[in-house]
Every structure is written in structure tokens, then in C-alpha cells.
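These notes concern the structure reproduced below.
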Amino acid sequence: MNDTTFAVLGTGGIGRRTLEVSQHKDGLTPVAACDRHGVAMDFDGLDVDELLEATEGNIDSGPGTGESDGADASRDDLETDGGAVASSGVKQHGENAGVVASAQARPSEDPIQEIIDRGDAIDAVLLALPNYEHDFIPRVADRFVAGGYAGVLVDVLKRSRVIGMLDERTGAFEDAGITFVCGAGATPGFLTGAAALAAQSFVEVESVDIWWGVGLKSGYEDNRGTVREDIAHLPEYDIDTARTLSEDEIEAVIDEHDGVLEFDDMEHADDVLLERAGICDAEDVTVGGILDVERDEKPTTTTVSVTGTTFDGETGTNTFELDDATSMAANVNGPAIGYLKTAVCRNRAGEYGVFGPAELMPGF
Ligand code: IKT
């Protein structure tokens, strides 16, 4: 594959780790990164080491409503995955400079638009944004369509209900020349793809069970946004209540659970993405897991179990396990980049529209 230029929207944990992992891959040139404070852009390639050093420990961690006051996904909506963002533009407790701490970045009133405006020189854009509002990623995609972008968009969204909103935009993406890969992190993403492979032994799939384990002691600061998103899956919370929790309240929730949060039957898009790929019904897919913020070791082994019936009448369960030594950062960002690479090939071949992780084999 020829050299691929890419941008990341969001410089929280996922955005920064994507930049870092991309340094270990061939043919990828990061040319832009933004958060709600500003944008770093260099078409000769960003100095990733400088950007990471400047922004490490300098992510948005301030609480906020994350609510948009406008119809468009704009600067005020642009969240890092380090925390939710207030719509007022007024600085919140714990707020800091974000990407503009980097010497390569400058403040911007509309960082997303700046990236869209240079979209002709950007092959792919990774949307490393938490999706506190369900239509946030779709609205960001709308802005790329409206701005005439013709390239790859990849997101790492989680919730099932968002996939339909993206599917509704298939025609617009096709007309624009956009190849959109949705749910391209670990789950949905990597593990959805693994389930699709494990299902190949069967003519009928009875169930797909995804069970993940994440140890996040040293990675906690970097992944505050992910933890907040996870808390929204606890029975006593939802997206709206989790979004408004202050950092102290989040810590209190974690303390109440002695640092170990268990999630059952999460609304994760693996279900609709597997149904969309023809593997099984969405209702036959379960996703759950354990998050331990007191330790770096995984509290449980991440496993995908696919149970089904073979053509010759046997019932069996194929399992796929991740090694306990591989981190969430490796298992989210490696696949996200892998799907991005594959999507660029598809886009160059003229294949546009919406693709799920069970429909593509990620590149390496
Ligand atoms: C995600 O970011 O894809 C979802 C998170 C779980 C990641 C699982 C990684 C498993 C592993 O590394 O073994 C979580 C639901 N936020």
C-alpha cells in the first residue's frame, strides 16, 4: 500500500495511542490531530514523540455536560476521551490546554472544520471521540460529507443504536466517496471480527459471548473517558447520568465497587454488527466484562465463545482468547489502525459506504 496520511480527532488515550502505534506500522503518516482546544497539522508528518510528550498527563479531565448547544457537531462538541466537555466554552475544573500544549499545534475555533478543509490531503480520519450523545459520531460524519471529504472515516464507537444512524447515511457516504468503518476498536471491533471467523465452523450460530478483562491502574488517567462510558453501562446509570458525573463522583463509584467494576449484558454494537454480517441474530450476542482500576493485570481473560451447529449435526463452541499480557491499548489501537489500512485499500478501489468489523479483515 502506498503511503497513507491520516488524522485523529480526539487526543485522549485512544487518539494518542493510535498515533503511537502508527509509528510501529509501515506506510502510515499522521498529518493532523485535534481536540476541542486546537489542531496540530503537518503534511510532512507530525512529530509524534513531541506531541505525545507535550500532551501526556495534559488531557481534558474536567467534568462537564458534554451537551451540544448547536445542530452541528462543532468545536464545543469535540471531546477528548479524557473527559466530557462543557458546551459553554467556560473553563471547567481540571481543564487544561490539551493538544495546544504541543509546539506543533495552535488554538482553533473549529478544529474539525480545519481538518475537513484539508481533507483532500488526508486519506483517513480516526474518530477517537467518546459518543456521549448517540448521534455525535454521525453528526461529525455529516460535517465531513458536507465539506466534500472523500476518504476513509473510522470510529471506535460502542453502542448498538448508533450503527443504524450510520447505515441511514450509506447513500450520502457512497455519493461522497467515503468508506466508513464503524466499531473498529476491541469490542466492537477486533472481537467482533474474531467471532465472525470462529463462526465459520458452523452452519447455524446459537450464541456469541464476548467477555473482556481490562486492568487499568497505570492507564487510568489516559482512559477516564472510557471508564465513564463503561460506568454508563452499570444498572444504576445511563449515558445521561454518567455524562454528568464529576471526577470525584466517578472515583466514588469506583470506590463503592472496590476498584473492580463488572458489566453484564452491555449494549455493545457487536450484536448488530454480527447480525449485519449475517453471522447470527443480534439477540444471540452478549457482551460483558470486568474492569479493574486498581491493578494492571487483567482481572479475567478476554474470551470470545461462539457456539453453533456444524453441517454434520455436531454442536460445539469455538473460543478465541487474547493473551493476558496484551493491553487494552494494544487491542483497541492495533485493530483500529488495521481496519483503517484495509479501508484505505477499499476506498482506493472505489468501495464506499458503511462497513462493520465482521465484514473486513484488518490489515497489518
Ligand atoms: C473497547 O474500547 O473496545 C471497549 C473496552 C473493552 C476493551 C477490551 C480489551 C480486551 C483486552 O485487552 O483483553 C471497554 C468496554 N471500554
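Please read all numbers here as calculations on a predicted model, not as lab measurements. Just so you know, ligand 1 is whichever comes first in the structure, and atom 1 is the first atom listed for that ligand. One-based numbering along the sequence shown.
Summarising the local packing, CD of Glu204 is surrounded by 12 or fewer heavy atoms from other residues, nucleotides or ligands at distances under 6.0 Å. A 6.0 Å sphere centred on CD of Glu53 holds no more than 12 heavy atoms belonging to other residues, nucleotides or ligands.
Annotation: Trp212 places no N or O atom under 3.5 Å from an N or O atom of ligand 1; distance criterion only. Polar contact with ligand 1: absent for Leu322 (N/O pair, distance under 3.5 Å). Between Thr302 and ligand 1, at least one N/O pair is under 3.5 Å apart.
Near Thr226, the atoms of ligand 1 lying under 4.0 angstrom from a non-hydrogen atom of the residue are 16 (N). Heavy-atom contacts of His268 reach the following atoms of ligand 1: 15 (C) (cutoff under 4.0 Å). Here is the list of ligand 1 atoms found below 4.0 Å of a heavy atom in Asn331: 11 (C), 12 (O), 13 (O). Atoms of ligand 1 found under 4.0 Å from any heavy atom of Ser327 (numbered from 1 in listed order, with element): 12 (O).
Atom 16 (N) of ligand 1 has as its closest protein heavy atom Asp230 OD1, 2.9 Å.
The shortest separation from a heavy atom of His233 to ligand 1 is not under 4.0 Å, leaving the residue out of contact. Within the structure, the closest approach of Pro188 to ligand 1 does not fall below 4.0 Å when heavy atoms are considered. The closest approach between Gly189 and ligand 1 stays at or above 4.0 Å for every heavy atom of the residue. Ligand 1 lies less than 4.0 angstrom from a heavy atom belonging to Lys158.
Salt bridge annotation for Arg295-Asp292: present, with a cationic side-chain nitrogen under 4.0 angstrom from a carboxylate oxygen. A salt bridge links Arg276 with Glu359: at least one charged nitrogen is closer than 4.0 Å to a carboxylate oxygen. The pair Arg159-Glu133 fails the salt-bridge criterion, with no side-chain N (NZ, NE, NH1 or NH2) lying under 4.0 Å from an Asp/Glu carboxylate O.
Remark: the backbone N or O of Gly177 is not paired with any side-chain donor or acceptor of Tyr149 at under 3.5 angstrom.
Under the 30°/60° scheme for interplanar angles, the aromatic rings of Phe180 and Phe173 are found to lie parallel.
Across Met328, Arg228, Lys298, heavy-atom proximity to atom 13 (O) of ligand 1 is greatest for Lys298. Counting heavy atoms only, Val214 comes closest to atom 9 (C) of ligand 1 of the residues Ile210, Ile14, Val214.
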From CA spacing to verdict: side-chain contact (heavy atoms from CB on, under 4.5 Å), Asp230, Lys158: CA-CA 10 Å; Asp230 285 345; Lys158 312 281 184 345; 5.8 Å; no
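Asp284 and Ser207 are not linked by any side-chain donor-acceptor pair at a separation below 3.5 angstrom, with hydrogens and angles left out of the test.
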